[in-house]
Amino acid sequence: MSRLTRVPGVLYGGDYNPEQWPEDVWSEDAELMREAGVTMVTVGVFSWARLQPGPDTWDFAWFDRLLDLLHAHGIAVDLATATASPPAWLVRAHPGILPVTADGVRLEFGSRQHYCPSSPEYRAAAVRLTRALAERYAHHPALALWHIHNEYGDHVTECFCARSADHFRAWLTDRYGTIDGLNHAWGTAFWSQRYGTYDEIEPPRTAPGPVNPTQLLDWRRFCSDALLECHRAEREALRELSPDIPATTNFMSMFKALDYWKWAEHEDFVSDDAYPDPADPRAHVNASLNYDLMRSLKGGRPWLLLEQAPSAVSWRPVNVPKKPGLQRLWSLQALARGADGIMYFQWRASRAGAEKYHSALLPHRGTASRGWRETVRFGAELARLGEVTGATTRADVAIVLDWDSWWALEVDDHPCARMRWPDLLRPWYAALHARAVTADFVPPRADLDGYRAVLAPSLHLLRPENAERIAAYVHGGGHLVCGPFSGVVDGHDHIHDGGAPGPLRDVLGVSVDEFWPIPDGEAVRLDSGAEATWWSEWIEPDAPDTEVVDSYASGQLTGRPAVTRRPYGAGTAWYVSAHLGEGIAAVLDDVLRAAGVRPVLDVPEGVEATVRSGTQGTYLFVLNHSDHDTRTQLTGPYADGGTDLLTGAAVRDHIDLRPLGAAVLRIATDSLGETDQ
Ligand code: GAL
């Protein structure tokens, strides 16, 4: 697979905000970047006010000098379109740019990301700036990548102003045509909510009680689309004026407000900002989940870790630094899961502003600091890993992720407010992670052939056509595991005829008679010893061959089925009617065995193992996230070991790692034998 940019090797660098520094500091920066092995920096993210100090005043001279300086030092540039923070003069000239909350509060200038996605003045000004930058720098030799905007949806994901309302109405008209179509979709026969014309519709502003759930669902869809329109406008300008340079925008991991399946279609490659919390001992599992998602968003294409903290952030209540070696390990983790570049926020620590306590590659203490030593050491290590770029990962397991379903799941007035997509997903993912089983994420419309097992921890909203695809996959020999509260509503958030699991009833061979949430602080036991919290269901196996795998052993459902399995065509479908937390691992063990899914390696607790394969070789990553020494046996296709790219040493039989240690083995090709790696 081709490189992300024309810059060779693993991209290494970070956000660089030179406008915060006198120019004589820039040359020192460029020298130090070279010393650290930095290959690319992101510039201009928050430079709008400096680049365009007034409506018709532009100041590019300083930026010209900056790009020339970086180029002279061999540092490539990821050039931001600078549109995430409109300057004061622009918002004073057009106060309607400022976003409005659901309570009608206009958010003031003085922070960042203060714009209404539907504001025509904001959009026009953003495209004008993008065009000006592209016209000037499209052919600059330092330019390697366009960085569109910055973290769409950060701080402000929605605006409730009058213009957003107009825009929402237009979006709804496109979607439903006649007002009857909308009345049906929104179920407005309920609570006298019928609309006579589109003009009567408003965004779901703060209301006396629960707001129409389909209105909310459409609002979420609209807000994601409205921001995507802003993004596409900038993207189009770049495509026209700078067609040869790739463009990306930095995603925010598994972010609820934006349907990244839709967004990723407009990226040349996916990039991500990831801020795992060093105070959380399980942070690496969640990070791994996010990185698998980033790899999956464009069908396995390598992605770019565009921001992470070298050490502490400044925006948590308590900002714990990364202990020595942790940023290295977590960076290698991103590489292990498909990243071709490791970048940071930010290069030089700010002395003023809201982020002055945020860590940087070059900390306040300068080159005497521990942070700087790690920056230099890691840059040198990354330089040895260039051959890994472009290599991809094959997964036997797919996890279904659907933003529509996520949004529909998390509206108010549901049987149990604890049912949140990330909380439902995490234990399923953690079980795979602990077993070194690699998973892709897929949208519900995906082609599932090729996966041995498909996991759906929560498919609350399920369209019949997607259910059909899932059923056909099982029928053809696939293994499906479906979590609770799934197949409940259709694309309009209406309950499926006959109740859950709706269009999956046949393939799963069960019907849900009644949802049976579990009060906070209580748990219900299953025969297997697993414990359910938050959620259980009274289910009826209604196919003759539905087999009960586990039953409730305490509480009001005692003796009733909890987990079922049904042969369907050449495959098997499991239904898990309760939130089992970590207890899901035992169910998944069964499924993985039945589906013939093998781990990369049998790993000790706290060790992560993944594989990337490319034209230059197959690379086995083994990472020790634990606080003790570990030994991992090399077995199967990796039995003969290989060369550790980090040390150059030959490794055979097993890998011993110190706490936070890592190995990246180029596997000897003959040892790959019959495998399809
Ligand atoms: C990101 C943002 C950066 C910086 C960073 C601090 O969300 O894109 O500009 O604020 O967080 O952690």
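Read the numbers this way: they start at 1 and go in the same order the structure lists the ligands and their atoms. None of the values given here were measured: they were computed from a predicted structure. All values below come from the heavy atoms of this structure, side chains included, with hydrogens, waters and symmetry mates left out.
No donor-acceptor pair closer than 3.5 Å links the side chain of Thr157 to the backbone N or O of Ala257. No donor-acceptor pair under 3.5 Å is formed between the side chain of Ser296 and the backbone N or O of Gly299.
A salt bridge is absent between Glu265 and Lys298; no separation between the charged side-chain nitrogens and carboxylate oxygens falls under 4.0 Å. Using a 4.0 Å cut-off between charged side-chain N and carboxylate O, Asp56 and Arg128 make a salt bridge. Note on Glu158 versus Arg221: no salt bridge recorded, every NZ/NE/NH1/NH2 to OD/OE distance being 4.0 Å or above.
In this structure, the protein non-hydrogen atom closest to atom 7 (O) of ligand 1 is Glu151 OE1, 2.4 Å. The protein heavy atom nearest to atom 5 (C) of ligand 1 is Tyr275 OH, 3.3 Å.
Each of the following atoms of ligand 1 lies closer than 4.0 Å to a heavy atom of Asn150: 2 (C), 8 (O), 9 (O). Near Phe46, meaning under 4.0 Å from any of its heavy atoms, are these atoms of ligand 1: 9 (O). For ligand 1, the atoms closer than 4.0 angstrom to any heavy atom of His358 are 6 (C), 12 (O).
Note on ligand 1: Arg112 sits in its first shell, one or more heavy atoms being nearer than 4.0 Å.
Among Gln113, Glu355, Glu307, the residue whose heavy atom lies nearest to atom 3 (C) of ligand 1 is Glu307.
Annotation: Trp406 is not in aromatic contact with Phe255 [ring centroid separation under 6.0 Å not met].
Looking at Asp273 against ligand 1, only its side chain comes within 4.0 Å, counting heavy atoms.
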